[in-house]
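What follows is one structure encoded as structure tokens, with my remarks underneath.
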Amino acid sequence: MSTPTVSSPPRPAPATGARRPAHWRVRFAFLALIWGFSFLFMKVGTRGFAPFQVTLGRLLFGTAVLAAVMAVKRERLPRGARTWGHLAVAGFLLNALPFSLFAYSELTIPSTLAGICNATSPLWGMALSLVALSEDRPTRVRVAGLGLGFLGVLTVLGAWQGFHGLDAGGTAMALLASLSYPVGWIYVRRTLAGSTASHLSLTGGQLLLATVQLAVVTPLFTEVPSHLDVVALLAIAALGALGTGLAMLVQYGMVAEVGPTTAQMVTYFVPIIAATAGVLVLGEHLSWSTPVGAAIVLAGAALTQARPGSRSRNGVRSGARSSAGTGARSSAGTGARSSAGTGARNAARQAGPVTRPGRNSTRQT
């Protein structure tokens, strides 16, 4: 679950055939695992705390990680009322809203279904970018991918059975959470692309404002738990510190190291890990339509990111640039996620922050 982020202009992606350090694969595996397990952590967290409390704890732990890194690097928060206003909106769309919706959805649907719903973010992003971003034009392949992806969603939900056995409210909240990520990515691309603040500074400000939003809302709709569930608290701590804070930092480093095209591929492993964790750890049941539909969704999402390559002067085919809606999962997405960028994130989604959207930027379990 990616956490979309706003970043400084990323380094150019390595040329085709260039040798890449082996340890980027470790980062890739870490992101896939932590964003995939984010849905399990949310499910466990809601067993001891209200959904708003789970989201508030997630943001508190994630913000604490970024604050510590900012202190070590002596980074300052961004300045200017206009920038903070845009970060407040980004924090709501990319963190506070989707994190809360996913937490509420898992009260009534399995974590496996929530993880698969998160994989629809690239589909929503492609559909929205065709309307909101003039530089994104439809192609036959991308439109086919959009149709295929939503066919996969209907397969997961068992449309031919009248959606029997599924909670409509929980499923709708998970899909709305996935829709919130590309809306946030497009907003950030339009408003914060020209910011001179650093990636870390913008992301820290965004998560801080999202935390403040939840700190205001949570006491109004929840009560203090009668007893402390240690397991649930540890799950929330892992969700925030690892899936929102640390995952965002690792993802940004990986994008700079191997380029957004490779980094964004982590999105396609998140629902697989989410489903595996849900079945093996939580004992959730999977019907045949769930993995089949998930595979169709991922195939459709991959096609929506397809762009015609171009030949460079030396005859090497250049990589397709990320489309609006590919995020540094994400924020993220599910997180990564987590703040805002372009591409096939997230999903995630799951963590949740902001890549200064540019051609090569890449979020909210």
Side-chain angles (χ1 to χ4, degrees), residues 1-3 35-59 92-121 123-124 152-154 156-158 163-184 210 214 217-218 221-222 232 235-236 239-240 243-244 270-271 273-275 277-279 281-282 284-287 290 293-294 297 329-338 345-352 363-365:
M1 184 166 67
S2 61
T3 299
W35 280 337
F37 270 84
S38 290
F39 299 95
L40 180 150
F41 291 148
M42 277 187 279
K43 173 67 77 172
V44 175
T46 55
R47 292 175 177 176
F49 298 91
F52 274 143
Q53 293 170 339
V54 172
T55 303
L56 176 59
R58 175 181 187 173
L59 289 169
F92 174 76
L93 292 173
L94 292 166
N95 304 112
L97 179 61
F99 290 177
S100 298
L101 286 172
F102 271 126
Y104 268 102
S105 74
E106 292 202 36
L107 291 176
T108 55
I109 66 173
S111 65
T112 53
L113 179 56
I116 292 170
C117 287
N118 180 71
T120 64
S121 280
L123 305 177
W124 297 118
V153 173
L154 294 177
V156 170
L157 301 181
F163 308 106
H164 177 70
L166 289 178
D167 181 79
T171 304
M173 283 189 285
L175 291 172
L176 285 174
S178 302
L179 172 60
S180 181
Y181 287 124
V183 172
L214 262 296
V217 171
T218 300
F221 296 95
T222 64
I236 295 171
L239 179 64
T244 303
V270 171
I273 293 173
V279 171
V281 180
L282 299 178
E284 296 176 346
H285 173 71
L286 281 182
S287 64
T290 302
V297 168
R329 147 227 178 206
S330 118
S331 355
T334 179
R337 85 172 323 212
S338 338
R345 285 164 245 95
N346 165 321
R349 27 31 159 133
Q350 274 111 229
R363 309 142 298 289
Q364 65 313 193
T365 294

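Reckoned from all heavy atoms, side chains included, excluding hydrogens, waters and symmetry mates. Here the structure is a predicted model, which means the values were calculated and not measured.
- The two residues Phe102 and Ser178 come nearest to each other via the heavy atoms CZ-OG, 3.7 Å.
- Within the 4.5 Å cutoff, the side chain of Phe39 has heavy atoms near those of the Val270 side chain.
- In this structure, CG on Leu179 lies 11.0 Å from CG on Leu123, to the nearest 0.5 angstrom.
- Within the 3.5 Å criterion, the main-chain N or O of Ile116 finds no donor-acceptor partner in the side chain of Thr120.
- Rounded to the nearest 0.5 Å, atoms CG (Leu176) and SG (Cys117) are 10.0 Å apart.
- Among all heavy-atom pairs drawn from Thr218 and Thr222, the shortest one is O-OG1, 2.6 Å.
- When all heavy atoms are compared, the tightest approach of Leu239 to Met42 is CD2-CG, 3.6 Å.
- In this structure the side chain of Phe99 reaches within 4.5 angstrom of the side chain of Thr244, judged on heavy atoms.
- With hydrogens and angles disregarded, a donor-acceptor distance shorter than 3.5 Å links the side chain of Glu284 to the backbone of Thr112.
- Considering every non-hydrogen atom in both Pro182 and Ser121, the closest pair reads CG-O, 3.9 Å.
- The two residues Glu106 and Ser111 come nearest to each other via the heavy atoms OE1-CB, 3.4 Å.
- Residues forming a side-chain hydrogen bond (donor to acceptor under 3.5 Å, both in side chains) with Ser180 (at least two apart in sequence, or on another chain): none.
- Residue Thr46 comes nearest to Leu107 through the heavy atom pair CB-CD2, 3.9 Å, listed as atom of the first residue, atom of the second, then distance.
- In this structure, Ser105 contributes its side chain and Met173 its backbone to no donor-acceptor pair below 3.5 Å.
- Atoms CD and CD1, from Gln53 and Ile236 in turn, are 8.0 Å apart once rounded to the nearest 0.5 Å.
- Residues Val44 and Leu282 meet the side-chain proximity criterion, which asks for heavy atoms closer than 4.5 Å.
- Inter-residue side-chain proximity for Thr290 and Leu113 is flagged as unmet; no heavy-atom pair is nearer than 4.5 Å.
- Among residues two or more places apart in sequence or in another chain, the side-chain contact (heavy atoms from CB on, under 4.5 Å) test is passed with Phe92 by Ala96, Leu97, Gln213.
- Ring planes of Tyr104 and Phe52: perpendicular class, angle over 60° (limits at 30 and 60°).
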